[in-house]
Trainee: 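I'd like to ask some things about the structure below.
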2 protein chains.
Amino acid sequence: MSSPSKERRDRLLLAAQRAMAEHGTAVRLNQVADEAGLTSGAILYHYPDLQDLLVDATRAVSERFYEERVRAIEGIEDPATRLIRTIESGVPLDNEDVGVKLLCALGGAAPRHTIYAILLTSLYDRQVSLYQSILETGSALSVFTLKSPSLDIARNLVSLEDAYGYRIMAGHPTLSYGSAVELILEYARLATAHKLIYKSSKEKS
Amino acid sequence: MSSPSKERRDRLLLAAQRAMAEHGTAVRLNQVADEAGLTSGAILYHYPDLQDLLVDATRAVSERFYEERVRAIEGIEDPATRLIRTIESGVPLDNEDVGVKLLCALGGAAPRHTIYAILLTSLYDRQVSLYQSILETGSALSVFTLKSPSLDIARNLVSLEDAYGYRIMAGHPTLSYGSAVELILEYARLATAHKLIYKSSKEKS
DNA sequence: AAGAAGATTGAATCGTAATTCAGAAATAAT
DNA sequence: ATTATTTCTGAATTACGATTCAATCTTCTT
């Protein structure tokens with residue numbers, strides 16, 4: 001039993017992620033099974049405790065989310081462009097995003113479930129570090145003139161992303177991907193004293 | 001049946017709020033009954049559909065939260081003080097805050113439950129209006145020099161509060177009430193070009 | 001204080017989901 | 001191809017929560 005092959009494991013994690021995005025952290029075993037196209041017994045065969053599967057699924061989402069952001073800026077030299085691209089990669093395009101939907105559910109569960117609190121806090125801190133290193137580099141190259149400590153700016157940037165993510169997932173009528181990015185950029189401009197001219201990366205490429 | 005007296009109604013709403021704070025929006029009827037010190041039948045007698053009770057409980061929390069913020073600044077003239085006090089009133093003191101715990105749970109459920117999305121979006125917008133009117137007044141009196149449209153600043157302020165609320169509720173090891181308020185104030189200073197000297201309202205009075 | 005209306009209980013019932021497991025199906029090994 | 005191993009199903013069992021309701025307790029009315 002246990003330790004399913006990499007392939008099957010991924011299939012289960014995918015199913016658990018979709019099920020959690022749809023039903024929250026109180027998702028039922030049957031709902032995960034449905035999503036996987038299997039019966040509940042099959043899930044239990046690999047994960048005798050559903051919670052373990054949910055936590056693994058959650059860790060995978062968190063990891064993927066972070067990795068995608070790192071990938072979005074790899075190869076880019078200019079700190080201003082790096083900052084803009086990072087902001088863009090932190091906001092969900094619409095309220096269909098499965099990963100962000102799941103992360104929202106985690107946020108709601110974190111006050112009640114330590115494990116989710118730890119995972120989310122860790123994701124937050126890693127994103128803060130990502131921003132901080134961009135800010136520090138830009139500052140060192142005299143591209144940015146930081147108006148607050150880099151840690152503070154980084155925390156505020158990640159916080160803004162998070163909050164606008166929630167707004168977008170809740171379907172706010174006048175807050176779209178574009179306006180959220182623009183709002184965060186407005187803060188970034190104040191905090192870095194850089195114009196950060198935003199040429200949406202979504203219209204070309 | 002139905003339409004319980006104001007007193008009993010409040011007792012039920014309180015119980016539902018506590019239960020939701022503890023168990024999320026997927027709270028069980030029995031858990032609400034336990035919190036109320038009643039049996040499930042008694043709850044059903046007043047609210048044949050649990051969802052109705054949960055929504056009413058949610059609306060009450062949202063209302064109370066907003067009203068408290070309004071009350072926190074009533075009588076204060078100076079726009080800078082009003083702004084500071086408003087920021088202070090938007091951040092939970094610690095991760096025990098039942099109201100904010102509930103609001104977090106709502107945020108997690110909003111992508112899946114329209115009714116909660118509507119309630120939360122409405123709360124967000126009302127808070128934005130609150131900030132906006134403070135900013136506009138301060139601007140009109142030449143106390144603030146707004147570096148972005150007041151709507152944008154207001155949205156960012158509420159967003160920061162929200163996000164730090166989540167962090168605090170998740171027990172972030174280095175983000176406390178005080179540091180969150182300071183981080184939001186740092187943005188507010190940049191956006192208003194006002195020093196906003198923060199004399200914590202918690203140490204006196 | 002008697003009676004009526006309102007509120008609550010506790011037991012019975014129903015429904016749904018979790019769990020178990022013998023055996024079938026698929027896959028891998030020889 | 002045969003055997004062994006892994007994976008999965010479907011049915012049976014068990015557990016739990018929702019729902020119903022007759023009986024009881026409370027509270028109000030007069």
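Chain naming here is simple, since letters A, B, ... match the order of the sequence lines and numbering starts at 1 in each.
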Trainee: May I ask you to say whether Arg155(A) pairs ionically with Asp152(A), meaning some side-chain N is under 4.0 Å from a carboxylate O?
Mentor: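 Not counted as a salt bridge, because no side-chain N and carboxylate O are separated by less than 4.0 Å.
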
Trainee: Give a yes or no on whether a salt bridge exists between Arg11(A) and Glu35(A), defined as a side-chain N under 4.0 angstrom from a carboxylate O.
Mentor: no

Trainee: Output the single nucleotide from dT8(C), dA17(C), dA18(D) whose closest atom is nearest the side chain of Arg28(A).
Mentor: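 The answer is dA17(C).
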
Trainee: Quick one: which of dT8(C), dA18(C), dT19(D) gets closest to the side chain of Ser40(B)?
Mentor: dT19(D)

Trainee: Can you find a side chain N or O atom of Arg11(B) that sits less than 4.0 Å from OP1 or OP2 on dT8(C)?
Mentor: yes

Trainee: Find the distance Tyr47(A):OH to dC8(D):P and express it as a whole number of Å.
Mentor: 13 Å

Trainee: Of the nucleotides dA17(C), dC8(D), dT19(D), which has the atom closest to the Leu44(B) side chain?
Mentor: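 For the Leu44(B) side chain, the nearest candidate turns out to be dT19(D).
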
Trainee: Tell me whether Arg69(B) is salt-bridged to Glu161(B), with the criterion being a basic N under 4.0 Å from an acidic carboxylate O.
Mentor: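 So Arg69(B) pairs with Glu161(B) through a salt bridge.
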
Trainee: Check whether any side-chain nitrogen or oxygen of His46(B) sits under 4.0 Å from OP1 or OP2 of dT8(C), and answer yes or no.
Mentor: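 Yes, His46(B) has a side-chain N/O under 4.0 Å of OP1/OP2 on dT8(C).
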
Trainee: Taking Ser176(B)'s backbone N and O only, do any of them form a donor-acceptor pair with Ser179(B)'s side chain (distance below 3.5 Å, no angle check)?
Mentor: yes

Trainee: Round to the nearest Å and state the distance from Leu12(B) atom CG to dA7(C) atom P.
Mentor: 10 Å

Trainee: Which nucleotide wins on minimum distance to the side chain of Thr39(A), given the candidates dT7(D), dT19(D), dG10(D)?
Mentor: dG10(D)

Trainee: Looking at Tyr45(B), I'd like to know whether one of its side-chain N or O atoms comes within less than 4.0 Å of OP1 or OP2 on dA7(C).
Mentor: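 Yes, Tyr45(B) has a side-chain N/O under 4.0 Å of OP1/OP2 on dA7(C).
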
Trainee: Compare the minimum distances between each of dT9(D), dG17(D), dT9(C) and the side chain of Asn30(B), then state the nucleotide with the smallest one.
Mentor: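 Ranking dT9(D), dG17(D), dT9(C) by closest atom to the Asn30(B) side chain puts dG17(D) first.
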
Trainee: What's the CG-P distance between Leu38(A) and dT19(C), to the nearest Å?
Mentor: 17 Å

Trainee: Hey, is the side chain of Arg8(B) poking within less than 4.0 Å of OP1 or OP2 on dG6(C), counting only N and O atoms?
Mentor: no

